[in-house]
Protein chains: 2
Amino acid sequence: MIINQMGDISNLESEGSDTVPNRIQDDVRALYLFRDIAEVTFQSLMRASYDQSLPQQVTLIREGAPADFLHIVVEGMVELFATSSGREVTMAVVRPVSTFILAASIRDAPYLMSARTLQRSRILLIPSADLRAAVASDSQFAMNAMQELAGCYRSMVRHTKNLKLRNTRERIAAYLLRQSRLLGGAAGFSLPVEKRLLASYMGMTPENLSRALKSLAADGCKIDGQRVIITDRARFESLAELSPMLDGPDPVAEQAGVSLPPPIAELQI
Amino acid sequence: MIINQMGDISNLESEGSDTVPNRIQDDVRALYLFRDIAEVTFQSLMRASYDQSLPQQVTLIREGAPADFLHIVVEGMVELFATSSGREVTMAVVRPVSTFILAASIRDAPYLMSARTLQRSRILLIPSADLRAAVASDSQFAMNAMQELAGCYRSMVRHTKNLKLRNTRERIAAYLLRQSRLLGGAAGFSLPVEKRLLASYMGMTPENLSRALKSLAADGCKIDGQRVIITDRARFESLAELSPMLDGPDPVAEQAGVSLPPPIAELQI
DNA sequence: GGAATAACTTGATGATTATCAATCAAATGG
DNA sequence: CCATTTGATTGATAATCATCAAGTTATTCC
């Protein structure tokens with residue numbers, strides 16, 4: 001295990017796969033990537049993998065480093081971000097149970113994003129070499145990886161289109177309406193991540209996000225802290241102008257570590 | 001053949017695959033996607049495919065339509081673009097020999113981008129159903145598709161990082177320096193596409209591109225029409241600040257229809 | 001619980017970028 | 001070849017967005 005090269009990881013608990021609990025194996029098995037693959041393939045991956053618990057605010061991947069592991073978030077929350085000359089932007093936030101940086105592992109190429117824990121997290125690390133061997137030997141696994149990567153690509157295309165075709169206010173409105181739709185059209189929900197991450201993901205400053213959110217009250221959407229309430233759906237929808245080509249539904253975005261988590265539903269009282 | 005549904009395609013010459021010339025088959029065969037796949041797989045795809053010649057300015061794909069075909073540009077030039085409420089942005093420009101919209105074909109999902117010819121073009125259409133069947137039956141083909149899609153995803157991640165981490169001027173400088181690097185560090189070259197397309201691809205208006213290009217003369221890069229001359233490499237490099245994580249090299253971008261074409265080299269006299 | 005930290009908000013200001021309008025240059029099509 | 005169209009440039013202006021500098025609220029951690 002070469003984790004300690006990374007410097008700022010301490011207190012880690014790495015263990016052979018025989019210690020990956022069944023509960024976790026079941027969760028991982030349910031991921032699209034592993035669906036219907038041969039049991040022997042899956043077991044060999046589990047056996048080769050490392051299960052580590054990390055505190056909050058630990059950098060587990062630095063962009064540019066060789067992609068030695070496919071990562072799977074089992075507990076907690078991980079931010080994927082990118083940096084350049086001092087600036088930093090959020091590229092995705094990953095919640096359980098999801099893989100991330102599949103593409104780098106498959107291509108045996110350097111990571112294009114960095115990753116840090118936003119909470120105490122439990123991460124399963126599958127060595128990329130084992131992953132590639134498994135993909136080469138199990139054609140169902142190869143098909144799954146192919147489908148997943150095609151989906152990742154399409155999610156990123158959507159994200160790029162959003163950035164280029166909509167301005168700040170439009171991006172926010174569309175995002176909020178998509179969140180509502182993910183909950184079956186719920187009028188109220190809570191934002192899944194801090195606003196600073198949301199702002200960075202959507203390509204704007206926290207200040208502008210704050211102002212824009214406030215201004216949306218006049219268009220049928222009220223925000224109070226983390227809570228969002230769509231007060232005038234018709235009005236808000238006409239503002240947001242959702243379109244299937246920009247706004248999905250996107251079946252892959254959930255599990256593949258390419259966007260933000262789904263919203264948090266209201267408690268039914 | 002259902003092409004005529006598309007409305008604005010006329011004068012097309014669709015033909016059975018027995019008429020796809022060997023020269024073209026050889027070019028297609030050389031694409032990474034088809035490398036080392038079984039001859040029977042390749043031949044069945046060629047037999048199922050349509051070879052069409054299209055005039056300039058023909059829309060061959062509309063976003064939202066089902067992805068009935070994988071496209072391969074054999075001659076000419078094709079623009080991939082996206083639209084939303086009246087606005088339109090260039091997502092890629094594809095030159096021979098390259099595939100495009102592989103992800104939609106593989107996923108059997110709607111196209112996320114539209115496509116139109118920028119010149120008189122020759123396009124090979126491979127029915128997506130045949131493509132998926134071939135991928136399912138030929139594991140080498142599946143591996144190639146998987147690798148290609150991983151590369152497409154990574155190219156799009158790079159593009160998104162560029163949009164979010166750099167301002168207009170920085171994006172332009174980095175782009176020009178990348179172009180130079182593609183020609184082995186050539187000081188002079190020509191832009192591969194019209195500036196309006198370049199501007200839109202990089203997420204800015206033609207006016208701003210024009211102004212920024214002019215201003216770069218003071219930083220070591222002179223632009224005259226389509227011609228670019230890096231006059232002070234050291235100075236220009238320190239401005240552009242290329243980084244491997246944003247600027248590649250990106251081995252996939254070439255053949256997969258996810259970015260702009262390479263620059264045009266100077267004639268050696 | 002209360003201090004300390006971090007996140008969020010708000011206002012003022014400035015930089016960046018888009019839009020509009022006009023001109024100029026280049027390419028296209030009879 | 002010339003007329004027409006399309007693309008590129010330039011200047012003036014406006015909109016958008018970022019930055020800076022407070023404040024305020026919320027969270028975290030003894």
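Side-chain atoms are counted along with the backbone in the values below, which use heavy atoms only and exclude waters and symmetry mates. Since this is a predicted model, take the numbers as computed values, not measurements.
Under 3.5 Å, the side chain of E207(A) and the base of dC17(D) form no donor-acceptor pair of N or O atoms. A donor-acceptor contact under 3.5 angstrom links the side-chain atoms of R211(A) to the base of dT19(D).
Counting to the nearest Å, the C1' atom of dT9(D) and the CD atom of E194(B) are 15 Å from each other. Protein atom CZ of R169(B) is 18 Å distant from nucleotide atom C1' of dA18(D), rounded to whole Å. One atom, CG of L165(B), and another, P of dA18(D), lie 13 Å apart when rounded to the nearest Å. Here dA18(D) presents its P atom at 8 Å from CE of M204(A), a figure rounded to the nearest Å. Rounded to an integer number of Å, the gap from CD of Q119(A) to C1' of dT27(D) is 14 Å. Distance M202(B) CE to dT17(C) P: 12 Å, rounded to the nearest Å. The distance from atom CG of N167(B) to atom P of dC17(D) is 15 Å, rounded to the nearest whole Å. Rounded to whole angstrom, the span from the CG atom of D224(B) across to the C1' atom of dA26(C) amounts to 13 Å.
In plain terms, the two heavy atoms of R166(A) and A240(A) that are nearest each other are NH2-O, 3.9 Å. Taking all atoms of both residues into account, the shortest heavy-atom contact from C221(B) to L176(B) is SG-CD1, 3.9 Å. Across every non-hydrogen atom of R87(B) and N167(A), the tightest pair is NH1-N, 4.5 Å.
T205(B) comes within 4.0 angstrom of a nucleotide base, judged by non-hydrogen atoms across all strands. N208(B) comes within 4.0 angstrom of a nucleotide base, judged by non-hydrogen atoms across all strands.
When each of dC17(D), dC8(C), dG7(D) is scored by its nearest atom to the side-chain atoms of R196(A), the top-ranked nucleotide is dC8(C). Side-chain proximity of S210(B) to the nucleotides dA8(D), dT17(C), dT9(D) is greatest for dT9(D).
Summarising the local packing, CZ of R120(A) is surrounded by 12 or fewer heavy atoms from other residues, nucleotides or ligands at distances under 6.0 Å.
Salt-bridge formation is not detected for the pair R95(A)/E75(A): no Lys NZ or Arg NE/NH1/NH2 atom is positioned less than 4.0 Å from an Asp or Glu carboxylate oxygen.
At the phosphate of dT16(D), neither OP1 nor OP2 sits under 4.0 Å from any side-chain N or O atom of T168(A). Between K195(B) and the phosphate of dG7(D), there is no side-chain N or O to OP1/OP2 separation shorter than 4.0 Å.
Annotation: of the two residues near DNA chain D, Q226(A) and R171(A), the 5′-most nearest-nucleotide partner is R171(A).
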